[in-house]
Structures are given as C-alpha cells and as structure tokens.
2 protein chains.
Amino acid sequence: MDTALDRAVRVFRERGYHATSIGDLTAAMRLATGSVYKAFRDKHAVFLAAFERYTTLRQQQTSNAAARGANGRERLRNVLLSYVEHSRGSEGRRGCLVVGSAVELSAVDPVVGARVNAQLKTNENFIAGLIREGLADGSIPRHVDVEDTARLMICITQGLRVVGKARLPLDGERLVDVAMKLLA
Amino acid sequence: MDTALDRAVRVFRERGYHATSIGDLTAAMRLATGSVYKAFRDKHAVFLAAFERYTTLRQQQTSNAAARGANGRERLRNVLLSYVEHSRGSEGRRGCLVVGSAVELSAVDPVVGARVNAQLKTNENFIAGLIREGLADGSIPRHVDVEDTARLMICITQGLRVVGKARLPLDGERLVDVAMKLLA
DNA sequence: TTTATTCGGGAACAATCATTCCCTATTATC
DNA sequence: GATAATAGGGAATGATTGTTCCCGAATAAA
C-alpha cells in the first residue's frame, strides 16, 4: 500500500492535482478504481495522503543532509546543497509537491492551504534552528538575523524548485556559495 | 477585448489552468461561450494570450521600479522591493502566472514550457544587466559574479511568489536588506 | 465441507468539461 | 433602402471526469 502511495506521489508531482485523473492514478498505483475508493474516500483524500508521505520523506532527506555537517554553518550549507540537487535534472523536473500544492491549490482549497502553510513554517523553523546553532557555535556571525534570514532562505529553496521545474540549469556549488553570503 | 483578456489573466492567476473551466472564463470575461471561441481557437490559446499580456505588463512594472534608482545597486534594490510588494497580501494571493505555469504546465505542455523558460531567462538577463550597471558605476563590488548572483536572485523572486501564495507574511524592507548581502 | 466475510477488480452512472453549431442582432456595402 | 457580412449569444454534443455499485475470488469461521 505504501508503495502504491509512492507511485501516487510521483504522478501528483509530475502532473499536479487537477491534471491527474483517477485513471492516471489507478494506472500508476496498479490498482483498480474500486480498490482506490476502498482505500481512500475520494481523490482529495489520496492527494492528502500523498502530500503527507512526500513531506515526511523530504523531511528525512534534509535532516540527513544537515547531519553531515560539523557546525551550524556547514549543516546549513549541506541543506541548501541538498535542495539544489533535488531541484536539478530529472528529479527537479518531477517537481515538489509542496510548491505545486501552494501554487495550484493553496488559494482555492483551505485544507491543502493549511497543510502547505504548516509545512513551510516547519521548514523555516528547521532552517532557523540551524542558524541558531551556527550563532551558538560561532560559525555564523552574531549580527545575522535569524527570522529574516530563514524566511529568505525558504524563498530560495522554493524558488529553486520553480526554476528547476522550468529546466534552467542549476550549479549547486556556485549557487550555494553565493547564497552563503547571507550568513556574512 | 484587452479588458476581457485582463479578466482572463486574473482568473488564470487565481485558479491555474486546469481548474479554470471555460464557464469560469466566460463569466469573468463577460462573454458568451461562442464569443470566446470566435476570438480564440481554444482554451489553450486564451491562456497563451493571457500569459503574454501578463508578462508584458509585469515587465513594465519592474522596469518602472528599476528606473527609480540612482545607480545599479539602488535599481536592483527597487526591483527586489517591487517583487516583494507584488508577492504580499491580496496581490500575492492572486499569484504569478509565470510561476503557476512553470509548476502546473511546464513539464506536460512544451509550448507553455518554452515560454516560461524564455520569460525566466528574460528576467534573469534584466537582473544581470542591473548588476553590470552596478559593477560599472562602482555601487556593486568588483568580485560579485554576475551570472550566479542573477540566477540566485531569480530563485528568490520566484520563491517569493510561492511563499506569498501560501500566505506567509513578507516584510519588504527586512527581506530585501538581507538579500542585498548577496551584492557584498 | 459449508458458510460468511473481506478484498480487489471493473462495468455503469451522473456530472462536468471543452467544443461546435446555429440563431439573432447589428453593422457595413451596394 | 435592401442585402450581405459580421459579431455575439446560448443551446446541443461528445468526450472525460469523479464516484458508485456489483461481481468474483480468496480467506476465515463454523
């Protein structure tokens, strides 16, 4: 069942919510129509489950990226690098469910809107935490503002997904080197 | 006719392409179904026309913002500020057609994908031009890399629209002050 | 072995979609 | 002033959508 949900995630990422018919879903999930409606109330419920699965998986991936860093600054750098890598190439073209949901559904679907909002805040808090770690261990200068820098970095990460979906080439090392100036 | 197209722009910005029925379009444009199909070949053609109208209008707005600046650095700062203002509040919730198209259509619609890609490059070139002006007039330090900085700033602007659509509050002065560190 | 019960599959359904067709005014042409 | 041409409006159409219903196989209970 979780593997079916993973396939649903993939379809929703590629095509978005409205362009994904339940025919597309059943084909991708390798389930019949009836079976999908036995497991989920409706298409909206499938999407919500896919959204949750996607965000928990992504959370793990960025946490792992952060873990490979000796201090706050390095952990933050690794997170940014991880974001660029996920926004590049075929994975980037596949898209981000959070960005997709924000753009396509946030304004018209209050339930999805609330989840997107919560997820962005979670991500922002995670980055803010890394900045605070850097302030504490001395790898980030004292005068850096935590909230403002974290919010701008969220903008960068979300923007990376948009630009990656549009197939502009992204060079991780170079972009991150520029972005790290925000911690000067 | 142009005023009808403006209304179409608004609907597409708010709901995206797939969630906008031609019933929504006719209601917004105040035209009957037949009239829409006399003016445009199909729904896709309406969207393309709306997209072009939106981008030319936005181009003008950011050009005007840039014009109110004494040197390259100030012009760039005004452009960023303008982007934040357009990503805030009700205008921000309305969304950006370029970001929306990139996320919803870029991967599945080659025609729209090409236009989105071209528009992003145009925006990037505009920003790169401002950076070069700043390098020439001395308001931006010599060691700033034009291409990398411009690409990251495009990520910031696109990310602002995503975050604004998700209704996170954006403080223009503070965010731009942080972003201007990229020109250090 | 026989009988319930659950589970997956797919045909049938109603609603909605984009699109076409035709009718009616209004304007332009002769 | 009569007629052709155009522009706009809305009903009809066929395809596609999300959803429900029912059937058959497999498993569990008796």
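Each chain gets a letter, A, B and so on, in the order its sequence line appears, and its residues count up from 1. Since the structure is predicted, the reported quantities are computational estimates derived from the model, not experimental observations.
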Hey, are [X] and [Y] close enough for a salt bridge, meaning a charged N less than 4.0 Å from a carboxylate O?
X	Y	value
A:E124	A:K121	no
B:R10	B:E14	yes
A:E173	A:R77	yes

Between [N] atom [atom2] and [X] atom [atom1], what is the distance in whole Å?
X	N	atom1	atom2	answer
B:D42	D:dA15	CG	P	17 Å
A:R41	D:dT20	CZ	C1'	15 Å
B:R30	D:dG9	CZ	C1'	16 Å
B:H44	C:dT19	NE2	P	10 Å
A:F40	D:dT19	CZ	C1'	16 Å
B:K43	D:dT16	NZ	C1'	13 Å
A:F47	D:dG18	CZ	C1'	16 Å

What nitrogen or oxygen pairs link the protein and nucleotides 13-16 of chain C at under 3.5 Å?
none

Go through the side-chain N and O atoms of A:T3 and A:D6 and say whether any donor and acceptor fall under 3.5 Å apart. no
Just do the side-chain contact (heavy atoms from CB on, under 4.5 Å) check on B:N123 and B:R58 with the steps written out, would you? CA-CA 10 Å; B:N123 293 348; B:R58 287 288 299 135; over 6 Å; no
On the nucleotide C:dT19, are OP1 or OP2 found under 4.0 Å from the side-chain N or O atoms that B:Y37 carries? yes
Comparing nearest nucleotides in DNA chain D, the 5'-proximal residue of the pair A:K38, A:I22 is A:I22
Of B:S35 and A:G23, the one whose closest DNA chain D nucleotide lies more 5':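 Residue closer to the 5' terminus by nearest nucleotide: B:S35.
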Does B:T20 reach a base, just sugar-phosphate, or nothing at all? Heavy atoms under 4.0 Å. sugar-phosphate
Once the angle between the rings of A:F12 and A:F47 is folded into 0 to 90°, is it parallel (under 30°), tilted (30 to 60°) or perpendicular (over 60°)? perpendicular
Residues A:R13, A:K165; criterion side-chain contact (heavy atoms from CB on, under 4.5 Å); working and verdict: CA-CA 10 Å; A:R13 286 177 61 192; A:K165 188 110 188 178; 5.7 Å; no
